[in-house]
Amino acid sequence: MTVPKEYDPHIIEPKWRDSWNMSMYHFDWKDKSRPQFIIDTPPPYPTGNFHIGNSLNWCYIDFVARYKRMCGYNVMFPQGWDCHGLPTEVKVEETYGITKNEVPREEFRRMCRELTIGNIEKMRSTMLNLGFSTDWSNEFVTMEPEYYSKTQRSFRKMYDMGRLYQSEHPVNWCPRCETAIAFAEVEYDSRETMLNYLHFGDLEIATTRPELLAACVAVAINPEDERYCAYVGSTVKVPLFGHEVKVIGDMAVDPGFGTGVVMICTFGDKQDVRWWVEHGLPLRKAIDKNGLMTEIAGKYAGMTIPDCKRAIVEDLKKEGYLFEQKPLDQNVGMCWRCDTPIEILSERQWFIKIDTDEVSKASNEIKWLPEYMKVRLDNWTGTMEWDWCISRQRLFATPIPVWYCKHCGEVMVAKEDWMPVDPTQQEPPQTCKCGSSEFEAEEDVLDTWMDSSITALHVSGWLTDHEMRLPTQLRPQGHDIIRTWAFYTILRSMAIQGKRPWDAILVNGMVLGQDGHKMSKSLGNVISPEEVIKDYSADAFRQWAAIGGSPGSDVMFRWKDVVSASRFFAKMWSIYRFSMSHLEDYEHDDYKHSGPDISGLKIVDRWLLSNLNRLIGSVTMSMDNYQFDEAFKAIRGFTWDILADNYIELVKSRLYGEDEAGKNAARYTLYVTIDALSRLLAPFAPFFAEEMFSGIGNGSVHVQSWPKVNGSMIDADAEASGEFIKDVAGSVRRYKSDHGMALNAPLEKIEIYGTLDDITDVLGATNSPVEIIAGEPDFEHVPVSVKPNMGVIGPKFRGQAKAIINALAEENPKKIADEIVNGRITVSVNGDMLELDPDCVEVEKEVVSAGRAVDVLDINGIPVVIVR
RNA sequence: GGGCCCGUGGUCUAGCCGGUUAUGACAUCGCCUUUACACGGCGGGGGUCAUGAGUUCGAAUCUCAUCGGGCCCA
């Protein structure tokens with residue numbers, strides 16, 4: 001087999017991508033013999049761009065999926081698409097130059113669908129290029145009836161459980177998107193606003209929202225504030241509007257803020273809502289759904305909020321109410337989609353009751369990776385005040401399956417067997433209790449988190465003929481959506497099935513640009529995975545993902561990491577090419593059937609195989625702990641430092657030599673190592689590993705088993721001897737280098753004063769005669785210093801340790817060295833004689849040559865004499 | 001204001017339930033074309049492990065404080 005000199009990923013990667021039979025990654029619903037490993041893959045929003053952040057997360061998922069499959073699990077790595085939502089609506093409006101109200105509802109939804117289908121296609125292509133082992137037989141698309149009927153059925157089920165209700169309640173409202181949004185969708189940003197001081201009846205208040213004067217329903221003071229406590233119970237007149245409001249006392253009022261008097265409006269902020277509820281205040285709606293002032297704002301009616309604010313401030317000044325203005329830094333809640341400041345409006349909405357105890361209980365059963373991410377969920381659940389508002393006033397989303405009877409107003413929630421259903425297009429198939437068959441459709445739609453919070457249920461086979469497989473094994477996701485997707489999924493899984501959705505959650509970090517900042521178009525630091533594939537390779541990108549940082553931490557994208565990844569593949573390829581040139585006519589089946597003849601292996605072979613088995617052990621452990629960076633670094637270290645830089649150099653003479661037994665031992669070792677490495681690399685570099693494995697094995701590497709540690713090959717003696725040979729070869733190489741000699745130049749003789757059974761590879765590697773000599777050489781080792789071994793002395797002598805160290809420093813090294821030979825060291829500590837074990841110290845010796853024309857190398861205390 | 005994470009050579013990073021000379025990558029400098037690889041090999045320089053205090057025989061590692069950075073929330 002001829003292996004090309006250079007590895008060209010632009011040929012190899014498309015070759016495998018196009019020839020792989022993806023059915024090898026399918027989950028087997030019927031198989032009960034293998035343990036299941038179901039991944040609750042995040043369904044990305046189909047923007048048409050599978051970006052680098054997605055890619056990092058998917059690399060992690062793919063590492064796990066491929067690893068678990070090789071370990072014998074029945075793995076499901078499904079792929080979903082979370083289609084519904086505002087961005088698509090906005091994009092459609094932009095693309096066609098329309099607004100959603102200008103075309104029929106169904107037409108608008110069709111446009112959204114089409115855009116989404118095209119976007120999914122683009123993202124799928126990137127995913128295939130990145131080599132993900134997606135199970136496409138378990139793909140789901142939330143806008144398809146098959147999926148959203150499940151969303152609707154979940155609505156019905158939770159309605160029947162009494163966990164869903166409709167109510168007029170204050171909600172966060174985005175005036176631009178004209179929809180209610182959940183708290184999870186509110187982002188905060190600090191902005192400078194003006195704090196306005198107003199004469200307010202006999203009182204003085206400070207407010208940042210003078211435009212809400214029309215909505216003022218009370219004035220509050222702290223009852224312990226002596227300046228104002230007498231006013232509690234009285235009424236004051238609202239400036240400009242003239243209506244009378246009560247003065248109430250509430251401990252939540254901060255006497256130190258502003259004047260210590262605050263006006264309560266319906267609603268300026270969340271605190272207003274709390275007061276409104278606690279004190280049973282009336283409701284005055286001054287802002288409508290479009291963000292315009294209502295009738296109660298009198299002459300300001302119809303104005304936008306900022307216009308109204310300006311006009312009212314102007315009038316307050318004119319009328320002499322406003323006596324001071326101070327700038328104030330304030331955190332403003334904004335819509336996460338469009339950054340418009342949100343308002344709190346009271347509207348009739350659908351809500352899901354939140355049971356935080358239930359969520360906490362499930363969260364405690366789930367293994368969080370990294371563990372500290374759990375705190376984020378706990379903090380969120382601990383501060384929830386309102387239920388989850390699930391209705392939205394948009395179009396492209398799952399319809400709320402509800403009608404209202406026109407006669408008696410009764411709510412008719414669709415039955416499960418009517419679903420999927422769009423109440424705006426269909427009439428209920430039965431009449432109302434009151435006998436009427438005239439209904440009004442619910443036009444609101446569901447929050448998209450209602451779709452995506454049942455992914456775990458969906459992939460587990462919920463509402464199908466398959467056996468239910470909940471809990472799934474792994475939820476991989478970003479830390480930015482812990483309070484949304486993770487929270488809602490747990491809530492829904494517990495409510496509907498009474499089970500935790502997953503055994504473990506693996507939280508990935510965000511990808512930062514080369515400059516250390518979050519990737520964003522405005523900073524111009526965005527890199528697409530397709531770019532990386534084009535310039536380097538998918539495997540190199542995947543290696544960056546593996547090695548760039550431990551899961552959970554934010555990872556910087558750096559081109560040089562991709563470059564060094566490509567270099568590793570170049571190196572590995574070169575090793576592979578070298579190995580294959582020696583394995584051409586090699587019949588590895590002999591070894592396969594009868595097992596390796598260990599006795600035929602040389603020390604260096606056993607040293608390598610011992611290290612290989614240790615590698616397998618450590619990589620397996622890292623993979624089990626989702627420590628991909630550790631795993632890959634270990635593979636890289638073994639390959640480069642042990643296999644390439646040392647083993648191959650040491651066995652070259654055997655491989656090119658005449659001794660068949662020695663040659664075969666090296667070939668066997670190379671074969672086993674290449675085989676194991678291709679399997680270890682398979683989860684990380686599926687293309688490269690496949691190419692490698694195709695040269696030595698049958699079938700795809702991705703259906704092979706994960707290598708197992710062969711304990712009998714782990715041999716500390718072989719490791720020590722092998723290490724020694726490696727060190728001798730290395731030292732001699734360095735010696736030649738230092739003395740300006742060619743590295744293959746022969747030396748007259750090398751004398752090793754120690755024990756070594758097999759000198760074959762030392763001979764080969766040094767290209768010089770080697771003699772093993774028992775006993776001491778004709779030069780002296782002079783002990784020059786004694787180094788205390790703190791790891792032994794510390795725990796043993798505790799408080800005395802320091803005194804012993806000092807005492808040892810005083811002693812004559814020669815005396816200590818002599819005592820070590822006798823097995824007991826005595827040392828005088830503060831006048832007392834103490835006995836120490838020899839392992840308490842290390843004696844450093846200096847070699848003094850006895851007049852021969854030689855150079856002496858000291859290798860781990862063993863003298864090696866070089867005769868030139 | 002509260003919570004979480006982090007601060008290690010020029011840059012990024014490992015180590016962090018205390019114990020040899022603090023890991024590796026990139027960068028840098030010197031030497032080397034040796035029959036897998038110059039996208040390579042060998043070697044060198046470069047760190048008060050943010051600062052200060054404490055616990056301890058011993059601290060990058062544990063505790064507290066300070067400073068700085070990031071994230072989540074109010």
Side-chain angles (χ1 to χ4, degrees), chain A residues 3 5-7 183-184 186-188 254 269-271 331 333 370-380 382-385 478-483 509-510 512 514 516-518 536 540 544 547-550 552-582 627 629-630 633-634 636-637 640-641 643-646 648-649 652-653 655-656 670 730-731 733-745 765 767 787-806 841-842:
Chain A
V3 177
K5 185 163 184 205
E6 303 217 335
Y7 176 74
F183 264 108
V186 178
E187 281 181 350
Y188 295 85
D254 176 4
D269 61 19
K270 214 170 149 185
Q271 184 59 42
N331 275 325
E371 214 186 323
Y372 62 79
M373 289 294 180
K374 179 173 181 294
V375 182
R376 299 205 179 179
L377 186 81
D378 293 343
N379 287 346
W380 177 242
T383 57
M384 305 230 53
E385 290 184 58
H479 59 64
D480 51 336
I481 48 174
I482 287 175
R483 63 188 170 134
M510 303 286 113
L512 308 176
Q514 299 226 60
H517 293 101
K518 210 170 180 172
Y536 292 89
W544 158 77
I547 224 161
S550 55
S553 57
D554 291 347
V555 189
M556 236 191 267
F557 177 83
R558 279 184 307 251
W559 281 106
K560 61 182 185 178
D561 287 350
V562 179
V563 173
S564 94
S566 306
R567 285 199 186 133
F568 171 71
F569 289 123
K571 185 76 182 180
M572 185 69 235
W573 186 251
S574 159
I575 294 166
Y576 171 67
R577 183 162 158 264
F578 171 83
S579 305
M580 291 311 285
S581 72
H582 293 281
Q627 296 292 342
D629 54 332
E630 272 178 22
K633 281 173 187 169
R636 199 185 148 103
W640 211 306
D641 305 336
L643 177 61
D645 292 348
N646 289 293
I648 287 180
E649 293 303 327
K652 264 183 189 169
S653 69
L655 286 168
Y656 289 114
L670 280 179
S731 300
R733 196 155 50 181
R734 204 169 311 140
Y735 175 87
K736 288 179 178 175
S737 170
D738 289 347
H739 290 77
M741 301 169 70
L743 293 182
N744 58 354
N767 195 28
K787 215 171 64 178
N789 190 346
M790 289 316 298
V792 178
I793 296 176
K796 202 164 178 178
F797 295 97
R798 318 289 305 172
Q800 271 185 297
K802 190 156 245 169
I804 292 172
I805 297 160
N806 292 336
V841 296
E842 272 173 50

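Computed over heavy atoms, backbone and side chain alike; hydrogens, waters and symmetry mates excluded.
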What's the gap between [N] and [M] when it is taken at their [atom1] atoms, as a whole Å value?
| N | M | atom1 | answer |
| --- | --- | --- | --- |
| rG69(B) | rA59(B) | P | 30 Å |
| rU8(B) | rG47(B) | C1' | 8 Å |
| rU13(B) | rA50(B) | P | 13 Å |
| rG24(B) | rG41(B) | P | 14 Å |
| rG58(B) | rG18(B) | C1' | 8 Å |
| rU21(B) | rA60(B) | C1' | 15 Å |
| rG10(B) | rC71(B) | P | 25 Å |
| rG19(B) | rU61(B) | P | 10 Å |

Gap between atoms [atom1] and [atom2], on [X] and [N] respectively (whole Å):
| X | N | atom1 | atom2 | answer |
| --- | --- | --- | --- | --- |
| Y372(A) | rG70(B) | OH | P | 17 Å |
| D554(A) | rU13(B) | CG | C1' | 15 Å |
| W640(A) | rA25(B) | CH2 | C1' | 10 Å |
| D645(A) | rU34(B) | CG | P | 18 Å |

Determine: side-chain N/O of [X] to OP1/OP2 of [N], distance under 4.0 Å, yes or no.
| X | N | value |
| --- | --- | --- |
| R636(A) | rA25(B) | no |
| W559(A) | rC26(B) | no |
| K571(A) | rG41(B) | yes |

Need one value for [X]: base, sugar-phosphate or nothing, where a base atom within 4.0 Å counts as base even if backbone is also close, heavy atoms only.
| X | answer |
| --- | --- |
| K652(A) | base |
| W544(A) | nothing |
| D561(A) | nothing |

Find the distance between [atom1] ([X]) and [atom2] ([Y]) and round it off to the nearest 0.5 Å.
| X | Y | atom1 | atom2 | value |
| --- | --- | --- | --- | --- |
| M510(A) | L512(A) | CE | CG | 9.5 Å |
| M580(A) | W573(A) | CE | CH2 | 9.0 Å |
| D645(A) | W640(A) | CG | CH2 | 8.5 Å |

Any strand: nucleotide that pairs with rA65(B) via Watson-Crick or wobble, under 3.5 Å: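 Answer to the pairing question: rU51(B), which forms a Watson-Crick or G-U pair with rA65(B).
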5′-ward residue of the pair E630(A)/M373(A) relative to RNA chain B: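 Its nucleotide being nearer the 5' end, the pick is M373(A).
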Under 4.0 Å between a Lys/Arg side-chain N and an Asp/Glu carboxylate O for K374(A) and E371(A)?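 Salt bridge absent between K374(A) and E371(A).
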Judged by atom type as modelled, is there a donor-acceptor pair below 3.5 Å linking the side chain of D629(A) to the main-chain atoms of G548(A)?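 Between the backbone of G548(A) and the side chain of D629(A) there is no qualifying donor-acceptor contact (under 3.5 Å).
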